[in-house]
Amino acid sequence: MKAPPLKKIWQWFERTRVGRSIFRVGLPQSNLERAQAMVSSFLLHIQPAKVNRHSLRASYSFGLGLISLYLFLILIVTGVLLMFYYVPSTEQAYNNMKDLQFVVSVGLVMRNMHRWAAHLMVIFVLLHMCRVFYTGAYKRPREFNWVLGVGLFLLTLSLSFTGYLLPWDQLAFWAITVGTNIAAYAPYIGPKLKYLMLGGNVVGQEALIRFYALHVIVLPAVAGFMIAVHLWRVRKDGGLSRPDEPGDTIQQIELGKLPTNKTYGLMELARGMTPQVGRNPADEVFAWPHLVFRELLLFLLVVAMVLFLGIFWNAPLEQLANPVHPPNPAKAPWYFLGLQELVSYSAFWGGVVVPGVLVMALLVLPYMDRDRKGVGRWFPRERVVANTIFTVCLVIAIVLTTIGSLFRGPNWSWQEPWKRPPTVTEGR
Amino acid sequence: MTDGSVRKLYVWFTVLGLLVGSLVVLGYFRDENRDWKDYQHKFIQEEIRRASTAQQRALAERIPLQIRQILLPDLNRVDRCTTCHLAVDDPSYGGYPNPLAYHPLHEQHPFERFGCTVCHRGQGRATTSVDAHGNVPHWDEPMLPVRYIQASCGKCHEAADNPAAPELVRGQQVFENSGCRGCHKLSGIGGVIGPELDKVGAHRSPDWLTKHFLAPASVTPGSAMPPQKFAEQDLESITLFMLSQTGETAPGYYASMRVIPSVGQGQRLFQQKGCIGCHSVAGKGGTVGPALDDVGLRRSTEWMVQHFREPQAVSPGTVMPQFSFTEGEARALTDFLVHLREQNVASNLPSLMSPVERGREVYRKYGCAGCHGADGKGGVPNPNAKTAELVPDLIRVAEGYTNDELRDRILKGQREITALDPKRPLPPLYMPGWGGVIRDAEIDDLVAYLISLKPAGEEPGF
Amino acid sequence: MPDTNHFPAESEVSRRGFLELTFGWLAGIFAVCASAVGTVRFLVPNVLFEPSLLFKAGKATDYPDGSVTFMEEERVFLVRQGNTFRCLSAICTHLGCTVDRADHGYHCPCHGSVFDDQGNVKSGPAPRPLEWFLVTLSKDSRLLVDKNQRVNPDKYLVL
């Protein structure tokens with residue numbers, strides 16, 4: 001049986017002058033080419049030529065970090081497309097949203113995709129953080145990567161928050177009013193921070209353009225950079241964490257004593273923690289095609305999921321923002337509702353101290369947790385204490401968020417969602 | 001080149017690639033399949049059917065399928081109603097069912113300048129009928145039932161004496177005569193017990209409004225407003241008038257015809273601008289300018305309109321100031337002056353009325369009847385008030401108060417109303433202070449009127 | 001454990017592998033192309049927020065006999081001669097500036113093109129005469145100008 005015709009066409013193209021000038025290594029045919037494809041490609045070279053087979057296991061990482069990255073990419077693409085129709089002006093923004101819904105081809109789907117991808121990204125970044133914690137993958141040498149991750153989590157929330165205002169409807173306006181007022185509860189810097197965020201004292205045109213600039217260029221650029229460093233660190237810290245790690249990968253390389261079993265470029269010989277190729281050959285597989293194809297498949301899956309949600313489930317759009325008619329209750333975006341629930345108990349302790357302590361705890365966690373027991377496994381016995389504490393905090397956060405979103409009615413009073421009266425548009 | 005696990009990956013590629021591709025295709029075609037295209041097809045079929053020549057037929061066949069819209073940047077609106085309502089400007093479609101029906105053209109309101117939603121409300125930017133007609137969540141301006149359409153005239157035009165909107169005029173009259181202003185401010189004049197009404201039409205539906213008139217507490221729990229007894233037609237009219245109060249301001253071009261010329265409008269302007277300060281009518285008034293009694297006989301209407309526009313142009317050296325009247329205002333004033341002799345129009349001028357007559361006007365203007373009843377007869381309930389659970393009538397107020405005491409009471413009001421039963425809630429209605437709202441001269445006239453309410457022939461004292 | 005680093009030589013590819021490869025790539029290409037088409041369609045505007053090319057120019061009685069009326073937003077001249085109505089484009093055919101009405105004819109302030117009353121080029125860099133647009137009567141008796149349809153200068157609406 002001859003090779004498939006598609007492949008023949010491609011191979012013919014590869015051999016032309018144009019083809020050879022673009023693709024320095026063609027579709028890999030040999031092991032050497034498989035390794036070269038990874039190392040000499042711009043898009044692929046952040047990944048190693050070979051990966052440990054354990055890293056490919058879906059039941060270990062669930063691809064959560066990758067899913068978060070793909071959602072970020074989908075958000076960038078849909079976001080840029082939406083920019084062709086959206087003007088960040090209080091006079092126009094809402095009208096543009098209506099136009100996207102009614103007049104732009106697949107505009108509604110595009111907007112839906114953007115919104116659901118945003119919500120999913122918050123969820124998956126959180127899930128990814130939980131996975132990293134439960135597998136002890138923040139421990140040495142990955143402490144700083146964990147810190148970068150916490151930073152990325154906060155960036156994700158900021159991106160979502162800044163984007164939330166842009167439709168300029170009642171939902172957006174009041175969520176940001178509530179959110180910035182929660183921020184204002186921080187002592188000394190709170191009110192100044194709110195003033196800086198809003199470009200003034202009210203949520204108006206200045207706030208809209210600031211949030212737009214942050215949402216569209218500043219935060220994505222910072223996040224993109226941090227993601228690049230985050231992925232770089234994954235590489236340099238020895239790939240994804242796995243059991244049986246001590247010994248086979250954590251080995252300082254001394255520049256004077258170069259190993260003899262390496263065939264790659266200089267980048268592989270720098271000091272640091274690198275996977276040792278050739279030590280456990282049975283455990284390692286070529287990134288092309290095993291890693292790369294799986295990554296591509298996961299990408300298709302994520303795209304399919306976001307497309308499906310975008311086609312069948314409409315993102316909300318309420319009335320035009322109206323400072324005179326606050327809804328009762330006025331709620332922050334869902335990922336801040338746990339925070340808002342805490343604030344309802346105590347503005348200072350709930351809104352400033354608790355979240356501040358939590359973030360600090362997350363940041364210093366890897367430096368407090370010194371030993372390397374239980375790395376690379378899910379719920380190992382040695383980490384019962386740490387896992388329990390984390391789970392308790394996580395459950396409390398989820399419970400508070402659930403209360404804030406489903407169990408709080410007018411005046412923030414307790415209201416069971418199954419007993420809620422049908423929504424009547426205020427006094428019509 | 002493939003082996004077991006990698007081959008499986010290719011299977012997954014196929015599945016997921018097909019899935020993503022199919023979802024994109026599905027989303028695309030769902031989106032292309034719009035209702036308005038069906039309506040446009042029907043219209044095109046109808047046009048082809050009606051075509052009597054080959055040329056007409058060719059024209060009809062070439063009608064493109066596209067979203068049609070009317071851009072109204074000054075009103076910050078875009079109306080896409082004509083995407084489905086394709087024959088609104090074609091008289092030959094009169095009598096067709098909607099959406100192909102013809103809409104009678106209003107000379108002064110061409111579709112290109114006014115669109116549709118300014119009068120009919122609804123969601124102009126939508127392209128599906130349900131969304132466009134506006135009875136959807138999160139859209140506060142659903143289409144007005146046609147019987148209330150004249151409410152929209154009130155957005156740009158002053159209601160009084162609008163010959164094209166008799167329902168609206170009627171509604172305003174019902175409003176003024178029912179004393180609503182006693183508790184509610186409108187355009188800055190009125191009481192403070194109830195909320196201001198300047199924007200009530202923007203966010204209340206006709207149903208809510210009618211219910212509110214008949215049984216206020218049923219739509220506004222704890223309301224102090226007494227149930228109103230309106231005849232059916234009055235109820236419709238006043239609901240329509242309330243719907244016209246949206247607080248929307250018409251920009252530039254649209255405001256230039258705010259006043260529709262009529263005798264009534266002219267008279268109101270005559271009073272507002274204080275013409276009587278320099279000109280006299282029936283012997284009363286200023287002497288700086290000429291008497292106006294028969295100006296209609298001496299001057300042509302064109303001359304008068306021009307005189308209002310620019311006094312110096314027709315009367316060089318005149319001391320009459322330039323008032324910057326709009327076209328409508330100039331014509332209204334001219335109308336009024338022309339008819340000054342006829343129909344005893346002049347007798348409606350305040351300067352020519354007696355104090356008691358003027359006081360009756362003040363009583364009506366500020367809505368005293370809302371609490372104290374028409375002609376001060378009372379009968380308005382005030383639950384748990386010591387005064388027989390009613391707002392007191394004013395018939396015998398002359399006996400209980402001196403003029404000064406009466407004046408004082410009107411200016412300062414009475415906040416504390418003695419309760420009949422201390423265990424029940426306090427009486428909801430009280431007398432607001434009208435100082436600063438009712439002008440000094442008006443208070444004197446009002447006092448004169450109230451004193452005059454005592455039935456003739458009664459012995460003073462009790 | 002199968003040695004996943006040993007890949008069979010080309011001739012060893014089985015028929016099943018052939019199909020999977022081809023379909024796999026085809027499905028991938030299908031997904032990419034569909035997405036590209038969807039994206040391009042998204043970017044093609046369905047409505048324009050500009051003055052419409054098909055517009056009503058008011059009633060015939062709005063234009064005095066012998067008048068040439070400049071319509072600012074639509075950038076055309078409405079020309080009435082007796083009972084004939086015509087519509088001339090005010091956009092200079094040189095590089096697109098708006099021409100001015102001169103005593104007789106039209107003059108472009110940008111580069112000095114001069115046109116006569118018929119729109120023909122008398123002097124200057126303009127390569128073509130000014131365009132005439134179709135004028136008809138709408139169903140509600142208004143002058144209807146269609147800038148999508150260019151006509152010869154001798155074609156006009158007669159009322």
Side-chain angles (χ1 to χ4, degrees), chain B residues 1-29 31-32 34 36 47 59 62 64-71 73 78 80 82-83 86-94 102-107 110-113 125 127, chain C residues 1-42 45-52 54-59 62 73-74 134 136 138-142 144 146 148-149:
Chain B
M1 187 323 277
T2 54
D3 82 304
S5 67
V6 179
R7 222 169 42 213
K8 262 208 303 229
L9 290 180
Y10 276 108
V11 172
W12 277 110
F13 262 131
T14 317
V15 170
L16 287 177
L18 282 175
L19 180 62
V20 168
S22 319
L23 280 173
V24 172
V25 169
L26 174 68
Y28 184 93
F29 281 107
D31 186 76
E32 289 283 298
R34 303 264 181 137
W36 57 261
E47 285 281 284
L59 268 174
R62 280 215 315 263
L65 279 183
Q66 63 187 39
I67 294 176
R68 290 143 203 268
Q69 60 182 24
I70 302 175
L71 291 176
V78 174
R80 301 186 170 122
T82 43
T83 303
L86 292 147
V88 278
D89 57 357
D90 188 344
S92 68
Y93 275 86
Y102 166 66
H103 186 297
L105 187 63
H106 193 298
E107 276 298 310
F111 299 125
E112 307 84 61
R113 289 312 295 255
R125 280 183 191 254
T127 51
Chain C
M1 181 167 19
D3 181 4
T4 52
N5 289 338
H6 167 70
F7 299 97
E10 280 212 19
S11 54
E12 289 174 29
V13 172
S14 70
R15 177 174 282 136
R16 268 180 61 209
F18 165 91
L19 283 174
E20 281 145 4
L21 254 184
T22 316
F23 284 134
W25 280 107
L26 278 177
I29 292 172
F30 169 53
V32 168
C33 285
S35 306
V37 169
T39 304
V40 172
R41 182 69 188 92
F42 173 82
N46 291 319
V47 292
L48 295 176
F49 291 89
E50 308 162 355
S52 172
L54 178 66
F55 63 92
K56 289 185 189 161
K59 295 202 286 270
D62 292 342
E73 265 192 39
E74 292 86 355
L134 178 67
T136 52
S138 76
K139 297 279 178 50
D140 53 343
S141 312
R142 299 280 185 281
L144 191 64
D146 189 352
N148 288 310
Q149 313 233 39

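The structure displayed is predicted, hence computed values, not measured ones.
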Check the pair W25(C) / Y10(B) against side-chain contact (heavy atoms from CB on, under 4.5 Å), numbers first and verdict last. CA-CA 8 Å; W25(C) 280 107; Y10(B) 276 108; 3.6 Å; yes
Tell me, do L86(B) and R68(B) make a side-chain contact under 4.5 Å, heavy atoms counted? yes
Interface check, chain C: of L18(B), L19(B), V20(B), most non-hydrogen pairs under 4.5 Å belong to L18(B)
Looking only at S52(C), A27(C), C33(C), most heavy-atom pairs under 4.5 Å shared with chain B are made by A27(C)
Q69(B) side chain to L48(C) main-chain N or O, any donor-acceptor pair under 3.5 Å? yes
Examine distances only and state if a side-chain atom of D62(C) and a backbone atom of K59(C) form a donor-acceptor pair shorter than 3.5 Å. yes
Counting only non-hydrogen atoms closer than 4.5 Å, does F49(C) touch chain B with its backbone (N, CA, C, O), its side chain (CB onward), both, or neither? both
Given that the side chain runs from C-beta out, which part of V78(B) has a heavy atom under 4.5 Å from chain C: side chain, backbone, both or neither? side chain
Does any heavy atom of chain C fall under 4.5 Å from the side chain of L71(B), the backbone, both, or neither of them? side chain
Is there a side-chain contact between K56(C) and D89(B) in this structure, where contact means two heavy atoms from C-beta onward sitting under 4.5 Å apart? yes
